[in-house]
There are 2 protein chains.
Amino acid sequence: MVKPNKTGDKRKRLVDAAVSLAYRQGHRKTTLADISEESGVPLGNVYYYFKSRDDIGNAILDAREAEFERLRARLDGLPGPRERLIAFVSMTIRNAPNVAAHGCPMGSLCAEFSKEGGELATRSTALFAGPMGYMAEQFAQLGHTDKADELALQLQASLQGASLLAQSFRDPSLLEREGKRLKGWIKGL
Amino acid sequence: MVKPNKTGDKRKRLVDAAVSLAYRQGHRKTTLADISEESGVPLGNVYYYFKSRDDIGNAILDAREAEFERLRARLDGLPGPRERLIAFVSMTIRNAPNVAAHGCPMGSLCAEFSKEGGELATRSTALFAGPMGYMAEQFAQLGHTDKADELALQLQASLQGASLLAQSFRDPSLLEREGKRLKGWIKGL
DNA sequence: GTCTATACGGCGATAGAC
DNA sequence: GTCTATCGCCGTATAGAC
């Protein structure tokens with residue numbers, strides 16, 4: 001979905017900056033001047049790569065979706081569904097300090113874009129659909145074919161909720177504690 | 001915390017509009033003109049009641065905090081801790097359609113203000129502290145004094161996560177399903 | 001207390017040189 | 001493809017009449 005760029009890395013630098021700033025302070029609060037400064041690309045030049053501010057929002061979604069695809073590929077390298085689920089939770093726990101500072105990279109983006117309206121709101125749905133569908137597949141492979149969706153909902157909700165609480169309280173331990181419990185729960189399934 | 005207003009209801013109308021707009025489209029996206037229009041109070045007059053835009057954010061937090069205090073009072077009228085916990089979940093389920101449209105009234109505000117920085121970020125912590133502390137009290141009264149905090153974390157995380165998922169997918173049933181499961185879980189504790 | 005008019009700055013977006 | 005300069009609007013905030 002990301003347009004290839006033959007010549008330079010400017011577009012990539014712009015997207016990186018936009019993703020990082022949206023994560024740290026929210027996309028709506030982030031100005032084009034912010035992105036220009038953080039990326040080192042001059043302000044007027046931004047419009048060579050993006051036709052509008054909304055277009056940058058779309059690029060942020062593209063980047064986060066691609067991120068999950070890379071994670072999925074790594075998880076697929078693990079031997080079984082239980083290992084994949086546990087690895088997913090472990091990865092979230094390792095990221096707890098970032099989550100406490102800025103929220104879940106996907107969840108906080110969904111929350112913001114969901115209220116933004118328009119195309120961004122619509123597209124942000126897909127961000128959660130990826131991970132949740134993947135979780136449901138793993139639960140099904142574990143033999144819980146009939147309630148795979150329920151288990152995925154339960155796991156994803158707990159992780160997202162704990163992430164939001166960790167973010168609000170600025171306390172990574174909330175996510176770590178809940179993650180640890182969830183790993184035990186998965187092992188016992 | 002809210003300053004009494006002898007003469008009119010203008011301040012209340014402004015706060016109501018600000019709360020509603022922040023819930024529907026986010027506070028950062030909401031302009032003073034939006035609030036002025038929705039409340040019917042002229043734009044220039046807003047600054048008689050609030051000294052700055054940030055001050056309106058504080059008033060929104062005041063209003064949401066007061067809302068929870070009213071809920072707490074109602075829950076305290078119930079006979080026991082189990083009934084209070086279940087009633088809390090039931091209330092969330094009944095609100096599922098709104099949550100699917102705009103998110104959890106408290107959770108979405110925490111998520112936004114948490115990235116806003118400054119005083120609003122600091123204060124938004126208190127929004128979750130109230131409900132979670134109350135939940136922990138109920139679990140303690142149920143006899144789980146040693147793990148009351150863990151159970152409260154678990155319940156609050158599940159509800160918040162399910163609310164976020166319902167919001168993202170625009171599907172109230174996600175919250176209803178998870179809420180139903182949580183009520184069963186509470187009954188079995 | 002209430003409202004109108006407006007100043008001021010910042011932000012998204014464009015024009016056009018190189 | 002890259003960058004400088006700048007426009008026009010919108011949003012916050014203020015001044016001051018009533």
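Remember, it's a predicted structure, so these values are computed and weren't measured experimentally. A, B, ... follow the sequence lines: proteins, then strands. Residue 1 opens every chain.
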Can you see if the side chain of B:N45 gets near the phosphate of C:dC3 - specifically, an N or O under 4.0 Å from OP1 or OP2?
yes
Does A:Y48 put a side-chain nitrogen or oxygen below 4.0 Å from OP1 or OP2 of D:dT2?
no
Counting heavy atoms from C-beta on, name the nucleotide in D:dG1, C:dT4, D:dT12 closest to the side chain of B:Y47.
D:dT12
To the nearest Å, give me how far apart CG (A:D55) and C1' (C:dA13) are.
13 Å
Before we go on, tell me: are the rings of B:H144 and B:F139 under 6.0 Å apart, centre to centre?
no
Between A:T125 (side chain only) and A:T122 (backbone N and O only), is there a donor and an acceptor less than 3.5 Å apart?
yes
Would you say the side chain of A:L85 lies within less than 4.5 Å of the side chain of A:L142, judging by non-hydrogen atoms?
yes
Specify the separation, in whole Å, of atom CG of B:D9 and atom C1' of C:dG1.
13 Å
Starting from the 5' end of DNA chain C, give me the residue, A:L32 or B:G40, whose nearest nucleotide shows up first.
B:G40
Let me know the distance between CZ of B:F50 and P of D:dG11, rounded to the nearest Å.
19 Å
Rounding to an integer number of Å, can you tell me how far A:K51 NZ sits from C:dA13 C1'?
14 Å
Measure the distance from CZ on A:R11 to P on D:dG1 and round it to the nearest whole Å.
12 Å
Looking only at side-chain N and O atoms, does B:K10 come under 4.0 Å of OP1 or OP2 in C:dC3?
yes
Rounded to the nearest angstrom, tell me the gap between atom CZ in B:R13 and atom P in C:dG1.
15 Å
What is the separation between atom CZ on B:R53 and atom P on C:dG10, rounded to the nearest whole Å?
16 Å
State which residues pass salt bridge (charged side-chain N to carboxylate O under 4.0 Å, His left out) with B:R94; sequence neighbours excluded, sorted by chain then number.
none
Starting the side chain at C-beta, find the nucleotide from C:dT4, C:dT2, D:dG11 nearest to B:P42.
C:dT4
Tell me: CG of B:L43 to C1' of D:dG11, nearest whole Å?
9 Å
Mind checking whether B:F88 and B:I186 have side chains closer than 4.5 Å, heavy atoms only?
no
